[in-house]
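Below is one structure, written out as structure tokens, with a few remarks after it.
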2 protein chains.
Amino acid sequence: MGEIRNAERTQKNILEAAKREFFDKGFKGARIEAIAENAGVKKQLIYHYFKGKAELLEAVLVYSATSEPEWVAQVPDDPLHIAEHRFRVNSQARADFIKFSAWEALEARAEQTSWNKGGEIALQSYASYWKAQQEKGMVPPDLDPEFVALALTALTTYPIIFSSITQIMTGLESSDPEFQEKWSAFLTKVSGRLLEPSEQTEA
Amino acid sequence: MGEIRNAERTQKNILEAAKREFFDKGFKGARIEAIAENAGVKKQLIYHYFKGKAELLEAVLVYSATSEPEWVAQVPDDPLHIAEHRFRVNSQARADFIKFSAWEALEARAEQTSWNKGGEIALQSYASYWKAQQEKGMVPPDLDPEFVALALTALTTYPIIFSSITQIMTGLESSDPEFQEKWSAFLTKVSGRLLEPSEQTEA
DNA sequence: AGTATAATTTTATATTTGTTAAATTAAATT
DNA sequence: AATTTAATTTAACAAATATAAAATTATACT
């Protein structure tokens, strides 16, 4: 309409709109029509550039993986601040992807599909990280490092996924910067308490 | 077919099937046809007994609320074991309801609907509990009790909701009794570390 | 300018799914 | 037994939604 024809730009518009739609509504909940409307395009164009709904989602996932900024570089050394760092990154740069993962997990359970082949690796490597930390003596020996990883994953994603629950319990939305500050501080305290050597070492 | 006509029993069959379907797939994902099939009934009967899909869900919620066993009675006194107790109850008697709440939270965010009027009260009263515990000196004063409540909610529901993630990180499904035992023990340790008075009380 | 090719829209189809209305069958009542 | 009422099924509708084919419009190339 307003602009000159440009396949590349149009495809990008579609991908951006699709990303918003999929990440917000999940695969089943996403509507091709809504994506088209949001991209300022007739929906049949989507079938022209991407084969179908499933293929569009896959394209969105690679697009979103490549286009997102690198954040692995600046991971803090101190395991005490890992959780806080994770939460900050999750709630800022990756909030919508986290929400999508939640959709994915629920939908995958209800049916049998599973996108996100890269997600598993990330989760497992996170578990490996805590195993290594335990071997370095940074995690109390009585705590299973895989459970530590799971617990911290829960604590760093739950408020983002369940913002309404967060709102009800704390009075703050998880998108609120005030919540993010306070929860970050809380996570650091929790990490400290979790990782500090137990008092009754041995009798 | 096999049995004699009995409106009450049929309604119960429908409610049971609907409960399974809604709790597993969420509201949008649930299929009336699947419910009918599962209940051994033609789907039009559902419209006869319950007005429509939305009303059926409401009926399921009250049915499920009244038919579930009481568990509030045997809550442990010691806040150290609250999390473990919550997790045990959640993963056994209430696993499917927890999953439904997850669907509800995600769907409510995507749209504007919200069932589950009773859920808010439960969450708030859980927050109040921890506030009271802190006043009794059972929670370190530097930890916001509402955040403690949110954290423990996350830890006691996340593995149930995201069983696949749990499987990837720990090698165990959250429905596996082995996982439930280990996670329960882990939660108690975490609670202990979280609630124990800080070492550097004041300088 | 004229033709080929790419970009986009119009029109149409098939399927899924929630819902309604009518018809049928069984139980209850007199 | 006849009639009324309740339980259940058959048939049909309508809206939503993913998808396909054809038509149109703009751009590139010679």
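Residue numbering restarts at 1 for every chain, and letters A, B, ... go by the order of the sequence lines.
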* Asked: Any salt bridge between B/Glu181 and B/Arg88, counting N to O under 4.0 Å?
  -> yes
* SB check B/Lys182 B/Glu178 (cutoff 4.0 Å) -> yes
* To do: List in numerical order all residues of residues 35-50 of chain B for which some heavy atom is under 4.0 Å away from an atom belonging to DNA chain D.
  => B/Lys42, B/Gln44, B/Leu45, B/His48, B/Tyr49
* **For atom CD1 of A/Ile32 and atom C1' of C/dT16, their distance in whole Å** => 16 Å
* Give me the ring orientation class for B/Phe179 and B/Trp183: parallel if the planes are under 30° apart, tilted from 30 to 60°, perpendicular past 60°. => parallel
* Structure fact -> Rounded to whole Å, the CD-C1' distance (A/Glu8 to C/dT8) equals 17 Å
* Intra- and interstrand pairs of DNA chain C - dot-bracket, Watson-Crick/G-U under 3.5 Å, | marks other strand -> ||||||||||||||||||||||||||||||
* Structure fact -> Output for pair (B/Ser101 OG, B/Asn90 CG), nearest 0.5 Å, gives 9.0 Å
* In whole Å, what is the span from the CD atom of A/Glu33 to the C1' atom of C/dT11? -> 14 Å
* Asked: What is the distance from NZ of A/Lys53 to P of D/dT19, rounded to the nearest Å?
  -> 8 Å
* Determine the contact category for B/Ala30: base if any of its heavy atoms lies under 4.0 Å from a base atom, sugar-phosphate if only primed atoms, P, OP1 or OP2 are that close, otherwise nothing. => sugar-phosphate
* Whether over 12 other heavy atoms sit under 6.0 Å from B/Asp142 CG -> yes
* Structure fact -> Here the pair of heavy atoms bringing B/Ile14 nearest to B/Ile35 is O-CG2, 4.0 Å
* Crowded around B/Glu173 CD? As in, over 12 foreign heavy atoms under 6.0 Å? -> yes
* Structure fact -> To the nearest angstrom, the CG-P distance between A/Asn6 and C/dA7 comes to 9 Å
* Structure fact -> B/Glu21 atom CD is separated from C/dG18 atom C1', nearest whole Å, by 14 Å
* **Heavy atoms from other residues, nucleotides or ligands near CD of A/Glu37 exceed 12 (cutoff 6.0 Å)** => no
* Asked: Should B/Thr10 be listed as having a side-chain N or O under 4.0 Å from OP1 or OP2 of D/dT8?
  -> yes
* To do: Can you tell me the distance, in whole Å, between the CD atom of A/Gln11 and the P atom of C/dA7?
  => 8 Å
* **A/Lys12/A/Glu16 ion pair, N-O < 4.0 Å** => no
* When you get a sec, tell me which of C/dA7, D/dA18, C/dT8 is the closest nucleotide to the side chain of A/Arg31? => D/dA18
